[in-house]
Amino acid sequence: AFLLRPSAGTFLGGYDGKSDLHVGITNSNGMVYNYNEEGIHRSETGWEQCISIPLVQPDMFGLLQQWDKLLEEFSVGEAWLPHRYEEHDHNCYTYALAFINSVLTAQGKQQMSKSEFTEKFVIPQTKKASKYITLHQELTANDFYIVPLPDQEKQ
């Protein structure tokens, strides 16, 4: 999956909709591979509040079996050394999209531009998430809370 989260804080904890976002790619065990000025990271935590965009469908068995190996091999490439990081042109999004495009190329499929990937995959999911984030912010700002309904008796 392609993951998206605020660079600082969380979506439900004060995200203003304008702050920087950070992205990563998961392996089959949920380990998040991500790139920043310190290089490649493999994170097991810190992504609990993120937007997850599935990339591999369950019926793509061949790709699922290779995914972890492809991700690890791609991530140790020289392109992702810390000194190559550049905030606007060689960043976490560049890393994630380059990996996705390497997989597409290996499958004989057309690569995607940043704008194409963003429009097709990222924007639809962030629009959905935005509705929930806005609702959460309104509820907490107005001192509402949600109480689970008691279990209804079975007839």
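If you read the sequence from its start, that first residue is 1, and numbering goes on from there.
Here the CZ-CE distance, from Arg42 to Met31, works out to 8.5 Å after rounding to the nearest 0.5 Å. We find the CD1-CG distance between Ile53 and Leu55 to be 7.5 Å, quoted to the nearest 0.5 Å. Atom CD1 of residue Ile123 and atom OG of residue Ser130 lie 12.0 Å apart, to the nearest 0.5 angstrom. Atoms CG and CG, from Asn27 and Leu71 in turn, are 6.5 Å apart once rounded to the nearest 0.5 Å. From Met112, atom CE reaches atom OG1 of Thr118 across 9.0 Å, with rounding to the nearest 0.5 Å. Expressed to the nearest 0.5 Å, how far CD of Glu73 lies from CD of Gln66 amounts to 9.5 Å.
Closest non-hydrogen pair, Ser75 versus Ile40, comes out as O-CG1, 3.3 Å. When all heavy atoms are compared, the tightest approach of Gly24 to Asn34 is CA-CB, 4.1 Å. Residues Val103 and Leu63 come closest through the heavy atom pair CG1-CD1, 3.7 Å. Pro124 and Glu119 make their closest contact through CD-O, 3.4 Å (heavy atoms, listed as atom of the first residue, atom of the second, distance). Considering all non-hydrogen atoms of both residues, Leu12 and Gln49 come closest at N-OE1, 3.3 Å. Nearest approach of Tyr35 to Pro82, heavy atoms of both residues: OH-O, 4.4 Å.
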Quiz item: Passes side chain to side chain donor-acceptor pair (under 3.5 Å), His41 versus Asn36? Steps please.
Solution: CA-CA 8 Å; His41 299 272; Asn36 67 13; 2.8 Å; yes
Quiz prompt | Ile51 and Phe11: CA distance, side-chain angles, deciding distance, side chain to side chain contact (heavy atoms under 4.5 Å, CB included) verdict | solution = CA-CA 9 Å; Ile51 297 171; Phe11 282 121; 3.8 Å; yes
Exercise. Starting from the C-alpha separation in whole Å, work towards a yes-or-no answer on side chain to side chain contact (heavy atoms under 4.5 Å, CB included) for Trp80 and Thr94.
Key: CA-CA 10 Å; Trp80 312 114; Thr94 310; 4.2 Å; yes
Practice problem: Could you give me the CA-CA distance, side-chain angles and deciding distance for Phe99 and Trp67, then say whether ring pair (Phe, Tyr, Trp, His ring centres under 6.0 Å) is met? | Solution: CA-CA 10 Å; Phe99 173 70; Trp67 187 264; 5.0 Å; yes
Quiz item: Would Thr105 and Gln111 satisfy side chain to side chain contact (heavy atoms under 4.5 Å, CB included), going step by step from the backbone distance to the final call?
Solution: CA-CA 7 Å; Thr105 299; Gln111 290 192 354; 2.8 Å; yes
Practice problem: Please lay out, stage by stage, how Arg84 and Glu78 fare under the test side chain to side chain contact (heavy atoms under 4.5 Å, CB included). | Solution: CA-CA 9 Å; Arg84 296 189 186 259; Glu78 287 189 26; 3.9 Å; yes
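The environment of Glu48 atom CD is dense: over 12 non-hydrogen atoms of other residues, nucleotides or ligands sit within 6.0 angstrom. Glu86 CD: more than 12 foreign heavy atoms inside a 6.0 Å radius.
No single ILVMFWY cluster, assembled from side-chain heavy atoms under 4.5 Å apart, contains both Tyr95 and Leu81. Tyr132 and Val122 are members of different hydrophobic clusters when ILVMFWY side chains are connected at heavy-atom separations under 4.5 Å.
For Tyr93 and Phe2, the ring centers sit closer than 6.0 Å to each other.
Side-chain contacts under 4.5 Å among hydrophobic residues (ILVMFWY), followed directly or transitively, place Trp47 together with Leu3, Val32.
Judged by distance alone, the side chains of Tyr85 and Glu38 never bring a donor and an acceptor atom under 3.5 Å apart.
A salt bridge is absent between Lys120 and Glu116; no separation between the charged side-chain nitrogens and carboxylate oxygens falls under 4.0 Å.
Between Ile100 and Phe117 there is a side-chain heavy-atom pair separated by less than 4.5 Å.
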